[in-house]
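First up is the structure itself, then whatever we jot down about it.
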Amino acid sequence: MSETIAAISTAVGEAGIGIVRMSGKNSIEIGKSVFKRINSSFEEVLENKKLLYGHVVDGDDIIDEVLVVFMKEPFTYTRENMVEIYCHGGIIPVKKTLELLLRRGARLAEPGEFTKRAFLNGRLDLSQAEAVIDVIKAKTEKSYEVSLKQLEGGLSKEIEGIREILLSMIAHIEVSIDFPEEDIQEVTYEELIESGEKVMSRIGRLLSTSGRGKILRDGLNTVILGKPNVGKSSLLNAVLRENRAIVTDIPGTTRDVIEEYINIDGIPLKIMDTAGIRHTEDVVEKMGVDRAKEMLEKADLIIAIFDISGELSEDDYHIIDLIKDKQTIVLLNKTDLPKLYDEGYFAEIFSGKEIITTSMTKGVGIDELEDSIRRMFYQGDITIESDMIISNIRHKNLLEQASDNIHSVIEDLKKQVPLDCLEVDLRSCWENLGEITGESIGEDVLDRIFREFCIGK
Ligand SMILES: Nc1nc2c(ncn2[C@@H]2O[C@H](COP(=O)(O)OP(=O)(O)OP(=O)(O)O)[C@@H](O)[C@H]2O)c(=O)[nH]1
Ligand SMILES: [Mg+2]
(Lines give C-alpha, C1' and ligand atoms only; values in the text may rest on other atoms or scores of the structure.)
(Ligands and ions follow the chains in the order given, each with its own letter.)
Protein backbone atom coordinates (compact mmCIF):
# COMPACT_ATOMS: atom_id res chain seq x y z
CA MET A 1 0.00 0.00 0.00
CA SER A 2 2.98 2.30 0.32
CA GLU A 3 3.62 2.03 -3.40
CA THR A 4 2.08 4.31 -5.97
CA ILE A 5 0.17 2.40 -8.63
CA ALA A 6 -0.84 3.36 -12.16
CA ALA A 7 -2.89 1.81 -14.95
CA ILE A 8 -4.91 2.53 -18.04
CA SER A 9 -8.51 2.59 -16.81
CA THR A 10 -10.38 2.72 -20.09
CA ALA A 11 -10.72 -0.12 -22.58
CA VAL A 12 -7.77 -0.19 -24.95
CA GLY A 13 -8.66 0.73 -28.50
CA GLU A 14 -9.64 3.79 -30.45
CA ALA A 15 -11.90 6.22 -28.61
CA GLY A 16 -12.41 9.89 -27.87
CA ILE A 17 -10.42 9.77 -24.67
CA GLY A 18 -8.39 7.24 -22.71
CA ILE A 19 -7.85 7.61 -18.99
CA VAL A 20 -4.65 6.82 -17.14
CA ARG A 21 -5.09 6.62 -13.41
CA MET A 22 -2.65 6.75 -10.54
CA SER A 23 -3.08 6.26 -6.80
CA GLY A 24 -0.76 6.39 -3.81
CA LYS A 25 1.35 8.67 -1.69
CA ASN A 26 3.60 9.92 -4.49
CA SER A 27 1.01 10.26 -7.20
CA ILE A 28 0.62 14.03 -6.89
CA GLU A 29 4.38 14.48 -7.04
CA ILE A 30 4.80 12.11 -10.00
CA GLY A 31 1.82 13.73 -11.74
CA LYS A 32 3.31 17.19 -11.31
CA SER A 33 6.63 16.02 -12.72
CA VAL A 34 5.05 14.99 -16.04
CA PHE A 35 2.44 17.70 -16.43
CA LYS A 36 2.86 21.16 -17.83
CA ARG A 37 -0.04 23.57 -17.93
CA ILE A 38 -0.75 25.52 -21.05
CA ASN A 39 -1.36 29.27 -20.60
CA SER A 40 -0.92 29.30 -16.83
CA SER A 41 1.64 28.38 -14.27
CA PHE A 42 1.07 25.30 -12.23
CA GLU A 43 3.44 26.11 -9.46
CA GLU A 44 1.24 28.54 -7.50
CA VAL A 45 -1.26 26.24 -5.82
CA LEU A 46 -2.37 22.72 -6.36
CA GLU A 47 -5.91 23.04 -7.55
CA ASN A 48 -7.65 20.07 -5.99
CA LYS A 49 -10.23 18.20 -8.04
CA LYS A 50 -10.16 20.70 -10.86
CA LEU A 51 -9.66 19.77 -14.47
CA LEU A 52 -6.44 21.33 -15.69
CA TYR A 53 -5.49 21.69 -19.32
CA GLY A 54 -1.95 21.04 -20.50
CA HIS A 55 0.62 18.61 -21.84
CA VAL A 56 2.07 15.41 -20.55
CA VAL A 57 5.79 16.01 -21.01
CA ASP A 58 8.91 13.97 -20.73
CA GLY A 59 11.52 16.69 -20.30
CA ASP A 60 11.16 18.77 -23.46
CA ASP A 61 9.18 16.12 -25.33
CA ILE A 62 5.43 16.47 -25.51
CA ILE A 63 3.73 13.09 -25.07
CA ASP A 64 0.10 14.19 -25.40
CA GLU A 65 -2.26 17.10 -24.97
CA VAL A 66 -4.45 16.27 -22.00
CA LEU A 67 -6.76 17.20 -19.19
CA VAL A 68 -5.55 16.26 -15.72
CA VAL A 69 -7.21 16.17 -12.36
CA PHE A 70 -5.30 16.00 -9.08
CA MET A 71 -7.25 14.62 -6.13
CA LYS A 72 -5.89 14.84 -2.62
CA GLU A 73 -6.61 12.22 0.02
CA PRO A 74 -8.81 11.32 1.77
CA PHE A 75 -11.84 12.14 -0.35
CA THR A 76 -10.97 9.97 -3.34
CA TYR A 77 -11.99 6.54 -4.62
CA THR A 78 -9.01 4.85 -2.95
CA ARG A 79 -8.79 7.31 -0.06
CA GLU A 80 -5.25 8.01 -1.29
CA ASN A 81 -3.81 10.79 -3.40
CA MET A 82 -4.94 10.21 -6.96
CA VAL A 83 -4.29 11.63 -10.39
CA GLU A 84 -6.31 11.00 -13.51
CA ILE A 85 -5.00 11.94 -16.93
CA TYR A 86 -7.42 12.24 -19.83
CA CYS A 87 -5.41 11.49 -22.95
CA HIS A 88 -6.43 11.14 -26.55
CA GLY A 89 -8.08 7.76 -26.74
CA GLY A 90 -5.61 5.99 -29.01
CA ILE A 91 -3.47 3.07 -28.00
CA ILE A 92 -0.20 5.04 -28.21
CA PRO A 93 -0.98 8.18 -26.14
CA VAL A 94 -2.29 6.24 -23.14
CA LYS A 95 0.47 3.66 -23.36
CA LYS A 96 3.22 6.30 -23.57
CA THR A 97 1.68 8.26 -20.69
CA LEU A 98 1.48 5.14 -18.54
CA GLU A 99 5.07 4.18 -19.36
CA LEU A 100 6.22 7.62 -18.34
CA LEU A 101 4.48 7.34 -14.96
CA LEU A 102 6.10 3.95 -14.44
CA ARG A 103 9.52 5.41 -15.23
CA ARG A 104 8.88 8.16 -12.68
CA GLY A 105 8.33 5.64 -9.90
CA ALA A 106 4.80 4.31 -10.13
CA ARG A 107 4.22 0.58 -10.37
CA LEU A 108 1.72 -1.07 -12.71
CA ALA A 109 -1.50 -1.74 -10.80
CA GLU A 110 -2.81 -5.27 -10.47
CA PRO A 111 -6.37 -6.05 -11.55
CA GLY A 112 -8.79 -4.45 -9.10
CA GLU A 113 -6.03 -2.90 -7.05
CA PHE A 114 -7.65 0.54 -6.92
CA THR A 115 -10.83 -0.99 -5.54
CA LYS A 116 -8.85 -3.24 -3.21
CA ARG A 117 -7.24 -0.15 -1.72
CA ALA A 118 -10.66 1.48 -1.45
CA PHE A 119 -11.71 -1.55 0.61
CA LEU A 120 -8.57 -1.71 2.73
CA ASN A 121 -8.84 2.01 3.45
CA GLY A 122 -12.45 1.65 4.56
CA ARG A 123 -14.07 3.46 1.65
CA LEU A 124 -16.18 0.38 0.78
CA ASP A 125 -16.90 -2.87 2.57
CA LEU A 126 -16.11 -6.11 0.78
CA SER A 127 -19.59 -6.82 -0.56
CA GLN A 128 -19.63 -3.31 -2.01
CA ALA A 129 -16.19 -3.75 -3.55
CA GLU A 130 -17.37 -6.99 -5.15
CA ALA A 131 -20.39 -5.16 -6.51
CA VAL A 132 -18.11 -2.78 -8.41
CA ILE A 133 -17.06 -5.52 -10.81
CA ASP A 134 -20.63 -6.76 -11.09
CA VAL A 135 -21.78 -3.28 -12.07
CA ILE A 136 -19.12 -3.21 -14.77
CA LYS A 137 -19.93 -6.68 -16.04
CA ALA A 138 -23.73 -6.46 -15.77
CA LYS A 139 -25.36 -7.81 -18.88
CA THR A 140 -28.90 -6.57 -18.43
CA GLU A 141 -30.51 -3.61 -16.71
CA LYS A 142 -31.90 -5.94 -14.08
CA SER A 143 -28.53 -7.40 -13.16
CA TYR A 144 -27.15 -3.88 -13.18
CA GLU A 145 -29.84 -2.76 -10.72
CA VAL A 146 -29.06 -5.65 -8.39
CA SER A 147 -25.34 -4.87 -8.44
CA LEU A 148 -25.92 -1.19 -7.95
CA LYS A 149 -28.10 -1.86 -4.91
CA GLN A 150 -25.29 -3.98 -3.49
CA LEU A 151 -22.75 -1.28 -4.29
CA GLU A 152 -24.83 1.23 -2.39
CA GLY A 153 -24.66 -0.98 0.67
CA GLY A 154 -28.05 -2.74 0.55
CA LEU A 155 -26.60 -6.14 1.30
CA SER A 156 -24.17 -4.76 3.88
CA LYS A 157 -27.06 -3.20 5.78
CA GLU A 158 -29.06 -6.42 5.82
CA ILE A 159 -26.02 -8.42 6.95
CA GLU A 160 -25.25 -5.90 9.70
CA GLY A 161 -28.87 -6.11 10.85
CA ILE A 162 -28.64 -9.88 11.20
CA ARG A 163 -25.28 -9.64 12.95
CA GLU A 164 -26.73 -7.24 15.50
CA ILE A 165 -29.30 -9.84 16.54
CA LEU A 166 -26.51 -12.41 16.82
CA LEU A 167 -24.42 -10.07 18.89
CA SER A 168 -27.22 -9.44 21.34
CA MET A 169 -27.74 -13.21 21.57
CA ILE A 170 -24.06 -13.66 22.37
CA ALA A 171 -24.24 -10.89 24.98
CA HIS A 172 -27.34 -12.45 26.51
CA ILE A 173 -25.58 -15.80 26.84
CA GLU A 174 -22.47 -14.27 28.32
CA VAL A 175 -24.50 -12.46 30.96
CA SER A 176 -26.28 -15.69 31.87
CA ILE A 177 -22.97 -17.50 32.13
CA ASP A 178 -21.44 -14.77 34.27
CA PHE A 179 -24.45 -14.51 36.60
CA PRO A 180 -25.87 -18.02 36.81
CA GLU A 181 -27.48 -17.31 40.16
CA GLU A 182 -29.97 -14.96 38.48
CA ASP A 183 -31.65 -18.13 37.22
CA ILE A 184 -33.82 -16.80 34.42
CA GLN A 185 -33.15 -19.84 32.29
CA GLU A 186 -36.67 -20.64 31.06
CA VAL A 187 -37.29 -17.17 29.64
CA THR A 188 -33.76 -16.96 28.30
CA TYR A 189 -34.15 -20.11 26.20
CA GLU A 190 -37.44 -18.94 24.72
CA GLU A 191 -36.11 -15.53 23.88
CA LEU A 192 -32.97 -16.97 22.34
CA ILE A 193 -34.96 -19.40 20.20
CA GLU A 194 -37.09 -16.52 18.98
CA SER A 195 -34.03 -14.45 18.05
CA GLY A 196 -32.35 -17.48 16.45
CA GLU A 197 -35.37 -18.09 14.29
CA LYS A 198 -35.41 -14.50 13.20
CA VAL A 199 -31.78 -14.84 12.10
CA MET A 200 -32.54 -18.13 10.37
CA SER A 201 -35.43 -16.70 8.40
CA ARG A 202 -33.56 -13.59 7.31
CA ILE A 203 -30.64 -15.71 6.10
CA GLY A 204 -33.13 -18.05 4.43
CA ARG A 205 -34.75 -15.17 2.61
CA LEU A 206 -31.40 -14.06 1.20
CA LEU A 207 -30.49 -17.61 0.22
CA SER A 208 -33.77 -18.13 -1.57
CA THR A 209 -32.78 -15.45 -4.08
CA SER A 210 -29.41 -16.96 -4.91
CA GLY A 211 -30.61 -19.11 -7.83
CA ARG A 212 -31.96 -16.10 -9.65
CA GLY A 213 -28.99 -14.07 -8.52
CA LYS A 214 -26.51 -16.41 -10.15
CA ILE A 215 -28.44 -16.27 -13.41
CA LEU A 216 -28.61 -12.47 -13.29
CA ARG A 217 -24.88 -12.31 -12.77
CA ASP A 218 -23.58 -15.05 -15.06
CA GLY A 219 -26.44 -15.44 -17.49
CA LEU A 220 -28.66 -18.46 -17.99
CA ASN A 221 -26.55 -20.95 -19.91
CA THR A 222 -28.89 -22.03 -22.66
CA VAL A 223 -27.99 -24.63 -25.26
CA ILE A 224 -29.95 -25.24 -28.45
CA LEU A 225 -29.82 -28.91 -29.24
CA GLY A 226 -31.18 -31.10 -32.02
CA LYS A 227 -30.19 -33.28 -34.94
CA PRO A 228 -28.98 -31.55 -38.13
CA ASN A 229 -31.37 -29.39 -40.12
CA VAL A 230 -34.16 -29.12 -37.54
CA GLY A 231 -33.85 -25.31 -37.32
CA LYS A 232 -31.41 -24.62 -34.47
CA SER A 233 -29.59 -21.79 -36.19
CA SER A 234 -32.92 -20.44 -37.41
CA LEU A 235 -33.99 -20.25 -33.75
CA LEU A 236 -30.81 -18.42 -32.75
CA ASN A 237 -31.39 -15.90 -35.51
CA ALA A 238 -35.04 -15.53 -34.53
CA VAL A 239 -34.34 -14.75 -30.87
CA LEU A 240 -31.46 -12.45 -31.79
CA ARG A 241 -33.57 -10.84 -34.49
CA GLU A 242 -30.60 -10.84 -36.83
CA ASN A 243 -28.93 -13.23 -39.23
CA ARG A 244 -26.12 -14.26 -36.95
CA ALA A 245 -25.71 -17.92 -37.92
CA ILE A 246 -25.63 -19.46 -41.37
CA VAL A 247 -28.86 -21.25 -42.22
CA THR A 248 -29.02 -23.66 -45.16
CA ASP A 249 -31.00 -26.75 -46.02
CA ILE A 250 -27.79 -28.79 -45.94
CA PRO A 251 -27.66 -30.92 -42.79
CA GLY A 252 -24.45 -30.27 -40.86
CA THR A 253 -24.21 -26.55 -41.64
CA THR A 254 -23.22 -25.42 -38.16
CA ARG A 255 -19.90 -26.95 -37.11
CA ASP A 256 -18.90 -24.94 -34.08
CA VAL A 257 -20.61 -23.50 -31.03
CA ILE A 258 -21.98 -20.00 -31.64
CA GLU A 259 -22.42 -18.00 -28.43
CA GLU A 260 -24.55 -14.89 -28.06
CA TYR A 261 -26.24 -12.96 -25.27
CA ILE A 262 -29.89 -12.04 -25.34
CA ASN A 263 -31.99 -10.25 -22.80
CA ILE A 264 -35.47 -11.48 -21.96
CA ASP A 265 -37.10 -9.05 -19.54
CA GLY A 266 -33.87 -8.50 -17.69
CA ILE A 267 -32.87 -12.16 -17.69
CA PRO A 268 -29.53 -12.49 -19.45
CA LEU A 269 -29.42 -15.60 -21.61
CA LYS A 270 -26.14 -16.89 -22.87
CA ILE A 271 -27.50 -18.79 -25.83
CA MET A 272 -25.46 -21.32 -27.73
CA ASP A 273 -26.24 -22.71 -31.17
CA THR A 274 -24.52 -26.04 -31.71
CA ALA A 275 -23.71 -28.52 -34.44
CA GLY A 276 -26.57 -30.89 -35.15
CA ILE A 277 -26.13 -34.11 -33.21
CA ARG A 278 -25.75 -37.15 -35.41
CA HIS A 279 -23.44 -40.05 -35.98
CA THR A 280 -20.88 -38.88 -38.53
CA GLU A 281 -17.55 -39.92 -40.00
CA ASP A 282 -16.62 -36.34 -40.92
CA VAL A 283 -13.78 -35.36 -38.58
CA VAL A 284 -14.69 -31.69 -38.31
CA GLU A 285 -18.37 -32.32 -37.88
CA LYS A 286 -17.64 -34.96 -35.26
CA MET A 287 -15.64 -32.44 -33.24
CA GLY A 288 -18.62 -30.10 -33.45
CA VAL A 289 -20.94 -32.83 -32.20
CA ASP A 290 -18.62 -33.59 -29.28
CA ARG A 291 -18.51 -29.93 -28.43
CA ALA A 292 -22.30 -29.72 -28.46
CA LYS A 293 -22.43 -32.59 -25.99
CA GLU A 294 -19.87 -30.86 -23.77
CA MET A 295 -22.04 -27.73 -23.72
CA LEU A 296 -24.96 -29.86 -22.68
CA GLU A 297 -23.18 -30.77 -19.45
CA LYS A 298 -22.79 -27.14 -18.41
CA ALA A 299 -26.24 -25.99 -19.49
CA ASP A 300 -28.81 -24.48 -17.10
CA LEU A 301 -31.45 -24.82 -19.78
CA ILE A 302 -31.72 -26.83 -22.97
CA ILE A 303 -33.90 -25.96 -25.90
CA ALA A 304 -34.34 -29.23 -27.78
CA ILE A 305 -35.70 -28.96 -31.30
CA PHE A 306 -37.45 -31.68 -33.29
CA ASP A 307 -38.63 -31.46 -36.87
CA ILE A 308 -42.13 -32.95 -36.82
CA SER A 309 -42.55 -32.78 -40.58
CA GLY A 310 -40.06 -35.60 -41.02
CA GLU A 311 -39.48 -39.06 -39.61
CA LEU A 312 -37.93 -39.19 -36.16
CA SER A 313 -34.58 -40.87 -36.52
CA GLU A 314 -32.18 -42.70 -34.29
CA ASP A 315 -30.40 -39.35 -33.76
CA ASP A 316 -33.63 -37.86 -32.39
CA TYR A 317 -34.02 -40.73 -29.95
CA HIS A 318 -30.42 -40.33 -28.91
CA ILE A 319 -31.15 -36.65 -28.15
CA ILE A 320 -34.32 -37.57 -26.26
CA ASP A 321 -32.14 -39.78 -24.11
CA LEU A 322 -29.48 -37.09 -23.59
CA ILE A 323 -31.95 -34.54 -22.23
CA LYS A 324 -33.98 -36.91 -20.10
CA ASP A 325 -32.92 -35.50 -16.75
CA LYS A 326 -32.22 -31.93 -17.80
CA GLN A 327 -34.18 -28.72 -17.53
CA THR A 328 -35.52 -28.64 -21.08
CA ILE A 329 -38.00 -26.80 -23.24
CA VAL A 330 -39.01 -28.93 -26.24
CA LEU A 331 -39.74 -27.20 -29.53
CA LEU A 332 -41.68 -29.05 -32.21
CA ASN A 333 -40.60 -27.18 -35.32
CA LYS A 334 -41.64 -26.83 -38.95
CA THR A 335 -45.32 -26.88 -38.11
CA ASP A 336 -45.96 -24.90 -41.29
CA LEU A 337 -45.33 -28.15 -43.15
CA PRO A 338 -47.61 -31.20 -43.04
CA LYS A 339 -46.77 -32.96 -39.79
CA LEU A 340 -45.99 -36.62 -39.26
CA TYR A 341 -46.30 -36.51 -35.47
CA ASP A 342 -48.67 -34.76 -33.15
CA GLU A 343 -47.93 -33.17 -29.81
CA GLY A 344 -49.52 -36.01 -27.91
CA TYR A 345 -46.73 -38.33 -28.96
CA PHE A 346 -44.13 -35.96 -27.47
CA ALA A 347 -46.22 -35.18 -24.39
CA GLU A 348 -45.94 -38.84 -23.53
CA ILE A 349 -42.17 -39.00 -24.07
CA PHE A 350 -41.57 -35.73 -22.20
CA SER A 351 -44.08 -35.85 -19.40
CA GLY A 352 -43.51 -32.80 -17.22
CA LYS A 353 -41.46 -30.88 -19.78
CA GLU A 354 -42.76 -27.80 -21.51
CA ILE A 355 -43.56 -28.36 -25.20
CA ILE A 356 -44.04 -25.54 -27.69
CA THR A 357 -44.97 -25.85 -31.35
CA THR A 358 -43.03 -23.52 -33.60
CA SER A 359 -42.33 -22.50 -37.13
CA MET A 360 -39.06 -20.65 -37.45
CA THR A 361 -39.75 -19.63 -41.02
CA LYS A 362 -43.13 -18.12 -40.07
CA GLY A 363 -41.93 -16.76 -36.72
CA VAL A 364 -44.49 -18.81 -34.80
CA GLY A 365 -43.83 -19.82 -31.19
CA ILE A 366 -40.91 -17.50 -30.41
CA ASP A 367 -43.03 -15.36 -28.06
CA GLU A 368 -44.28 -18.48 -26.29
CA LEU A 369 -40.69 -19.64 -25.84
CA GLU A 370 -39.67 -16.31 -24.33
CA ASP A 371 -42.74 -16.38 -22.05
CA SER A 372 -41.86 -19.82 -20.88
CA ILE A 373 -38.29 -18.78 -19.99
CA ARG A 374 -39.63 -15.73 -18.20
CA ARG A 375 -42.05 -17.85 -16.15
CA MET A 376 -39.31 -20.30 -15.27
CA PHE A 377 -37.11 -17.53 -13.94
CA TYR A 378 -39.59 -15.49 -11.99
CA GLN A 379 -41.49 -18.52 -10.71
CA GLY A 380 -44.64 -16.51 -10.40
CA ASP A 381 -43.31 -13.73 -8.21
CA ILE A 382 -42.41 -10.46 -9.83
CA THR A 383 -41.22 -8.82 -6.62
CA ILE A 384 -37.63 -9.10 -7.76
CA GLU A 385 -37.23 -5.31 -7.88
CA SER A 386 -37.77 -4.85 -4.18
CA ASP A 387 -35.71 -7.84 -3.13
CA MET A 388 -32.12 -7.95 -2.06
CA ILE A 389 -30.67 -10.53 -4.43
CA ILE A 390 -27.69 -12.75 -3.69
CA SER A 391 -25.76 -13.00 -6.93
CA ASN A 392 -22.31 -13.90 -5.68
CA ILE A 393 -21.35 -17.52 -5.08
CA ARG A 394 -18.99 -16.58 -2.23
CA HIS A 395 -21.85 -14.87 -0.42
CA LYS A 396 -24.10 -17.85 -1.04
CA ASN A 397 -21.58 -20.28 0.46
CA LEU A 398 -21.07 -18.12 3.54
CA LEU A 399 -24.81 -17.72 4.03
CA GLU A 400 -25.21 -21.49 3.83
CA GLN A 401 -22.56 -21.97 6.51
CA ALA A 402 -24.20 -19.29 8.65
CA SER A 403 -27.54 -20.99 8.17
CA ASP A 404 -26.14 -24.37 9.28
CA ASN A 405 -24.58 -22.78 12.34
CA ILE A 406 -27.69 -20.95 13.47
CA HIS A 407 -29.69 -24.10 12.78
CA SER A 408 -27.61 -26.12 15.26
CA VAL A 409 -27.86 -23.29 17.79
CA ILE A 410 -31.66 -23.42 17.59
CA GLU A 411 -31.70 -27.21 17.86
CA ASP A 412 -29.47 -27.07 20.95
CA LEU A 413 -31.63 -24.36 22.50
CA LYS A 414 -34.69 -26.52 22.04
CA LYS A 415 -32.89 -29.31 23.86
CA GLN A 416 -32.00 -26.82 26.62
CA VAL A 417 -28.30 -27.55 26.21
CA PRO A 418 -26.22 -25.48 28.70
CA LEU A 419 -25.87 -22.00 27.26
CA ASP A 420 -22.07 -21.93 27.25
CA CYS A 421 -22.09 -24.81 24.73
CA LEU A 422 -23.88 -22.63 22.16
CA GLU A 423 -21.38 -19.88 21.97
CA VAL A 424 -19.06 -21.53 19.44
CA ASP A 425 -21.74 -22.04 16.78
CA LEU A 426 -23.21 -18.66 17.46
CA ARG A 427 -19.86 -16.97 17.00
CA SER A 428 -19.16 -18.95 13.83
CA CYS A 429 -22.44 -17.75 12.40
CA TRP A 430 -21.52 -14.18 13.30
CA GLU A 431 -18.13 -14.62 11.62
CA ASN A 432 -19.56 -16.25 8.47
CA LEU A 433 -21.68 -13.17 7.94
CA GLY A 434 -18.74 -10.91 8.76
CA GLU A 435 -16.79 -12.47 5.92
CA ILE A 436 -19.40 -11.24 3.47
CA THR A 437 -18.77 -7.65 4.41
CA GLY A 438 -15.07 -8.33 4.92
CA GLU A 439 -14.81 -7.73 8.66
CA SER A 440 -12.89 -10.95 9.03
CA ILE A 441 -11.12 -12.02 5.89
CA GLY A 442 -7.83 -13.60 4.86
CA GLU A 443 -5.35 -12.18 2.36
CA ASP A 444 -5.78 -15.20 0.04
CA VAL A 445 -9.54 -14.65 -0.20
CA LEU A 446 -8.98 -10.98 -0.99
CA ASP A 447 -6.53 -11.84 -3.74
CA ARG A 448 -8.96 -14.28 -5.27
CA ILE A 449 -11.77 -11.71 -5.24
CA PHE A 450 -9.81 -8.91 -6.83
CA ARG A 451 -8.17 -11.09 -9.46
CA GLU A 452 -11.57 -11.12 -11.20
CA PHE A 453 -11.39 -7.38 -11.76
CA CYS A 454 -10.13 -5.51 -14.77
CA ILE A 455 -6.89 -3.60 -14.60
CA GLY A 456 -7.39 0.07 -13.81
CA LYS A 457 -10.45 -0.42 -11.57
N1 LIG B 1 -40.52 -25.02 -43.50
C2 LIG B 1 -39.72 -24.74 -42.50
N3 LIG B 1 -38.38 -24.74 -42.67
C4 LIG B 1 -37.58 -24.45 -41.63
C5 LIG B 1 -38.10 -24.13 -40.35
N6 LIG B 1 -37.06 -23.87 -39.54
C7 LIG B 1 -35.94 -24.02 -40.25
N8 LIG B 1 -36.24 -24.36 -41.53
C9 LIG B 1 -35.33 -24.63 -42.64
O10 LIG B 1 -34.58 -25.79 -42.31
C11 LIG B 1 -33.26 -25.70 -42.84
C12 LIG B 1 -32.24 -25.89 -41.75
O13 LIG B 1 -32.30 -24.83 -40.84
P14 LIG B 1 -31.09 -24.47 -39.86
O15 LIG B 1 -31.58 -23.43 -38.93
O16 LIG B 1 -29.87 -24.23 -40.62
O17 LIG B 1 -30.99 -25.87 -39.11
P18 LIG B 1 -29.88 -26.32 -38.05
O19 LIG B 1 -30.60 -27.14 -37.03
O20 LIG B 1 -29.11 -25.19 -37.55
O21 LIG B 1 -29.00 -27.28 -38.93
P22 LIG B 1 -27.43 -27.70 -38.72
O23 LIG B 1 -26.65 -26.46 -38.47
O24 LIG B 1 -27.11 -28.33 -40.00
O25 LIG B 1 -27.41 -28.66 -37.59
C26 LIG B 1 -33.17 -24.34 -43.51
O27 LIG B 1 -33.43 -24.48 -44.88
C28 LIG B 1 -34.30 -23.56 -42.84
O29 LIG B 1 -34.80 -22.52 -43.65
C30 LIG B 1 -39.52 -24.10 -40.21
O31 LIG B 1 -40.07 -23.82 -39.13
N32 LIG B 1 -40.25 -24.42 -41.29
MG1 LIG C 1 -27.14 -24.72 -37.62
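When a ligand or atom number is given, it counts from 1 through the structure's own listing order.
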Can you sort out which atoms of ligand 1 are near [X], meaning under 4.0 Å from one of its heavy atoms?
| X | answer |
| --- | --- |
| P251 | 24 (O) |
| D336 | 1 (N), 2 (C), 30 (C), 31 (O), 32 (N) |
| G276 | 25 (O) |
| L337 | 1 (N) |
| I250 | 24 (O) |
| G231 | 7 (C), 13 (O), 14 (P), 15 (O), 17 (O), 18 (P), 19 (O) |
| K232 | 15 (O), 17 (O), 18 (P), 19 (O), 20 (O), 21 (O), 22 (P), 25 (O) |
| S359 | 31 (O) |

* **Side chain, backbone, both or neither: T248 near ligand 1, heavy atoms under 4.0 Å** =>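 Backbone only.
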
* To do: For ligand 1, note which part of N333 has a heavy atom under 4.0 Å away: side chain, backbone, both or neither.
  =>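 Under 4.0 Å from ligand 1, N333 contributes side-chain atoms alone.
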
* Basic-acidic side-chain contact under 4.0 Å: D307, K227 ->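 Result for this pair is no, no salt bridge flagged.
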
* To do: Could you tell me whether K232 and D273 make a salt bridge, using a distance below 4.0 angstrom between a side-chain N and a carboxylate O?
  =>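 No.
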
* L102 and R107: CA distance, side-chain angles, deciding distance, side-chain contact (heavy atoms from CB on, under 4.5 Å) verdict -> CA-CA 6 Å; L102 300 183; R107 149 172 86 67; 5.5 Å; no

* To do: Pull up every protein N/O/S atom sitting under 2.8 Å from the Mg ion (ligand 2), skipping waters.
  =>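 Per the 2.8 Å query on the Mg ion (ligand 2), atoms found are S233 OG, T254 OG1.
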
* To do: Any chance you could lay out the side chain to side chain donor-acceptor pair (under 3.5 Å) test for Y77 and T115, step after step, and finish with the verdict?
  => CA-CA 8 Å; Y77 182 61; T115 308; 2.8 Å; yes

* Asked: Taking all non-hydrogen atoms of both residues, which atom of S391 and which atom of R217 are closest, and how far apart?
  ->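 What the structure gives for the nearest pair is O-CD, 2.9 Å.
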
* To do: Please lay out, stage by stage, how K286 and D290 fare under the test salt bridge (charged side-chain N to carboxylate O under 4.0 Å, His left out).
  => CA-CA 6 Å; K286 190 169 180 313; D290 290 345; 3.8 Å; yes

Given 3.5 Å as the limit, does a donor-acceptor pair link the side chain of [X] with the main chain of [Y], or not?
| X | Y | result |
| --- | --- | --- |
| T328 | V330 | no |
| N237 | A245 | yes |
| N392 | R394 | yes |

* Asked: Only one of T78, N81, T76 forms a side chain to side chain donor-acceptor pair (under 3.5 Å) with S23, so which one is it?
  ->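 Testing each of T78, N81, T76 against S23, the sole residue satisfying side chain to side chain donor-acceptor pair (under 3.5 Å) is T78.
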
* Asked: Which protein non-hydrogen atom lies closest to atom 13 (O) of ligand 1, naming both residue and atom, and how far is it?
  ->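 For this ligand atom, the closest protein heavy atom is S234 OG, 3.6 Å.
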
* To do: Provide, to 0.1 Å, the distance between atom 21 (O) of ligand 1 and the closest protein heavy atom, together with that atom's residue and name.
  =>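 Heavy-atom neighbour on the protein nearest atom 21 (O) of ligand 1: N229 N, 2.9 Å.
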
* To do: Rounded to the nearest 0.5 Å, what's the gap from CD1 on I305 to CG on L332? Could you check?
  =>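 The distance works out to 10.0 Å.
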
* Asked: Are the aromatic rings of F306 and F346 close, with centres under 6.0 Å apart?
  ->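 Ring-ring flag for F306/F346: true, centres closer than 6.0 Å.
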
